[in-house]
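Chain letters run A, B, ... following the sequence lines, proteins first, then strands; residues in each count from 1.
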Amino acid sequence: MPLNTKPNIKDPDGYYAELIAAHQGLSDDDSMALNARLVLLLMNHIGDREVLSEALAAAKK
Amino acid sequence: MLQDRYTLAFKLYPYERSRDQDAAAPVRHPVVVMGGGPIGVATALDLGLQGIPVVVLDDHEGIGMGSRAICFAKRCLEIADRYGCGEPMLDKGVVWNVGKVFHDDRQVYEFNLLPEAGHKYPAFINLQQPYFEKFIVDRVREAQANGAPIELRGKNRVDSVEVKDDHVVLHITTPEGPYTLEADWLIGCDGASSPLRGMMGLDFDGRVFEDNFLIADIKMKADFPTERWFWFEPYFKSGASTLLHKQPDGVWRIDFQIGWNIDRKKELQEENIRARLDAMLGPDVEYEMVWNSIYTFQCRRMKKFRHGRVLFAGDAAHQVSPFGARGANSGMQDVDNLGWKLGMVIRGEAPDHLLDSYHEERAYGADENILNSTRATDFITPKSKMSHIFRNAVLDLAEAHEFARPLVNSGRLSVPCTYDGLSLNGADMLTGGPARTRVGSPCPDAPLGDGFLLGRLGGSFQILTIDADAPEVVEDEGITATRVALSASDDATGALAARYLGDAKGAVYLIRPDQHVAARWDSADAETIRAAMRKACGKD
């Protein structure tokens, strides 16, 4: 299954706001650590190595 | 003692001595409106057209200078149309559909409002606020000539109020000295810094956004198209964000986000504004400066829009950031909501607590507007390093990846809210009925021969039938609903059927005086309709 880059979550403003709110009040270091944990959790959830490699490539561009 | 706080664009209601100033005892009026801005004057127009006497008090003699609110949305224009002043707005306004979003020097996103056919009014027009206000006042003058009991009193400043259980006492200053008035009902339309709210010691809590925006209205001959252009972190470095938008009379609105710690006076010097404009427009574009201002904003609302005999509307009740054009547009929806309810309560047709639903419905609308404009503001002016990093990541991804485009938020443009699940709503029992006309929705327009559906709706309760039978008239304790009988074949384009029938063969809608859907059914008899009318009037 290729990387899905079409809109895939309902209420885009809502989930973006939740993401930003999760960082509220954190130091830069704590924010980076939160992002790292989040990426690892989501990678595990996705589970598909090919998709993950594709996502890494898209993000690196 | 009555000094103007601003310069006028149009002097429309010069001070005149009123007989009330010579009365031996304070004169009592059914309704007094505090504030002669667009929301106050529209409130007076709504009530005056119902034959209810209303006095508007303003501490100036007309409309202030400056384009201010420039973006007027479809629903707001439809409300103005019901009052008889929508068409001059449309004639004067600039219609636009395309918006472009840039980051630095790249276009990351383009949207088209793709106006749906079969509406009298477009999604948006741009129009300088003084014109918008003037068209409402012009309509008041016309209505007055036809007997509408409206008075606009300029240079009447309310200095204090005494709020009683069944009326309000107002102490007023004029150029010829003070006088006192009484009002059965007082409507506070006196703007974001509402003196009335202050006099009553009422709260106005919410978020302050630490940023300043510089507005430069300029006249220029340049070949920018009639589109909304928004830059995040523009390459020309004139602001952290910049908005370019066209107004009538060859005027362009440019907004620069210039940060929190600024020297206001210095930033407003012409040479400094020109430096920002020159960087943006290039050295060869000639322009003339029309109006400048620096503004900050907050997102907040009053806890209660109703305090006994005092009701608040527009910016006095709720304030949003400008992103999304949800200020004046939502204020007009307040007027639309309040007018018929107050009219019925004053005429004794509905119980006093119908006015509690004004707060319920419009606070619901205000919360939706505050949520949307707060999110847009957080995206446009990120408040932390990480928020900024995410914002720019979205902008980086949006060009190549479709999923990121709906996240780009330069303002979610004003649409009216549907009063889902609120207490005036009746039955939603139209099998296969479209979601957009569910109970609580504002009626979408549709073509009808040479005219439009909304021209046939509003001002009183109506029973809209489409290929369905229903009583011609249903009455309940002084309130009458009359039938508007239509057939899907009345609109050859099919829009009427698509918007009101969906998969249904026929439909009966009960429409409120503000053109919102009160109830709908496959079919309905007089008893069923009467029950929904009672609910919509707060009787059950």
Side-chain angles (χ1 to χ4, degrees), chain A, chain B residues 101 103 106 108-109 111 207-210 232 299 320-321 323-324 326 367-415 417-418 420 435:
Chain A
M1 198 179 72
L3 180 70
N4 181 4
T5 60
K6 302 267 184 257
N8 194 32
I9 311 181
K10 267 193 209 161
D11 184 22
D13 287 349
Y15 84 78
Y16 187 78
E18 192 178 346
L19 172 65
I20 300 304
H23 286 275
Q24 206 169 343
L26 300 187
S27 68
D28 291 346
D29 281 350
D30 286 347
S31 260
M32 282 194 288
L34 186 151
N35 279 340
R37 290 191 296 269
L38 186 63
V39 167
L40 293 170
L41 281 164
L42 295 177
M43 285 178 83
N44 177 63
H45 179 83
I46 291 160
D48 182 325
R49 280 292 300 273
E50 269 179 56
V51 170
L52 293 174
S53 299
E54 229 186 297
L56 283 166
K60 272 181 116 168
K61 232 179 241 175
Chain B
V101 177
H103 185 205
R106 297 177 304 127
V108 294
Y109 184 63
F111 63 86
R207 270 183 71 187
V208 181
F209 289 89
E210 296 192 342
F232 293 98
C299 287
V320 292
S321 78
F323 310 113
R326 289 164 182 269
D367 287 344
E368 193 173 292
N369 287 324
I370 288 170
L371 178 71
N372 277 292
S373 77
T374 299
R375 286 174 174 177
T377 308
D378 283 337
F379 195 86
I380 293 165
T381 66
K383 290 300 173 299
S384 69
K385 190 173 167 189
M386 189 50 69
S387 178
H388 191 216
I389 288 171
F390 271 115
R391 197 279 305 273
N392 283 0
V394 167
L395 295 173
D396 286 342
L397 290 167
E399 205 178 341
H401 302 294
E402 200 182 323
F403 86 94
R405 288 170 210 158
L407 295 170
V408 176
N409 191 344
S410 67
R412 300 286 179 237
L413 295 171
S414 174
V415 287
C417 78
T418 295
D420 281 317

Does atom CD (B/E399) have a neighbourhood of more than 12 heavy atoms from anything else shown, all under 6.0 Å? yes
Would one find more than 12 heavy atoms of other residues, nucleotides or ligands at under 6.0 Å from atom NZ of B/K383? yes
Contact origin within [X] toward chain B - heavy atom pairs under 4.5 Å:
| X | result |
| --- | --- |
| A/D30 | neither |
| A/N35 | side chain |
| A/L19 | side chain |

Region of B/R405 in contact with chain A, defined by heavy-atom distances below 4.5 Å: neither
For B/S387, is it the side chain, the backbone, both or neither that has a heavy atom under 4.5 Å from a heavy atom of chain A? both
Checked A/H23, A/M32, A/K61 vs chain B; the most non-hydrogen pairs under 4.5 Å come from A/H23
Under 4.5 Å, counting heavy-atom pairs only, tell me which of A/I9, A/I20, A/N4 racks up the most with chain B. A/I20
Anything in residues 367-380 of chain B with a heavy-atom distance to chain A below 4.5 Å? Please list those residues in order. B/N372, B/R375, B/F379
When you measure from the side chain of A/Y16 to the backbone N and O of B/R391, does any donor-acceptor pair fall under 3.5 Å? yes
Value for CG (A/L52) from CZ (A/R49), rounded to nearest 0.5 Å, stands at 7.5 Å
Minimum heavy-atom distance between [X] and [Y], given as atom pair plus value:
| X | Y | result |
| --- | --- | --- |
| A/T5 | B/H401 | CG2-ND1, 3.4 Å |
| B/F232 | B/S410 | CZ-CB, 4.2 Å |
| B/R326 | B/S414 | CG-CB, 3.9 Å |
| B/R412 | B/P406 | NH2-O, 2.7 Å |
| A/P12 | B/L407 | O-CD2, 3.4 Å |

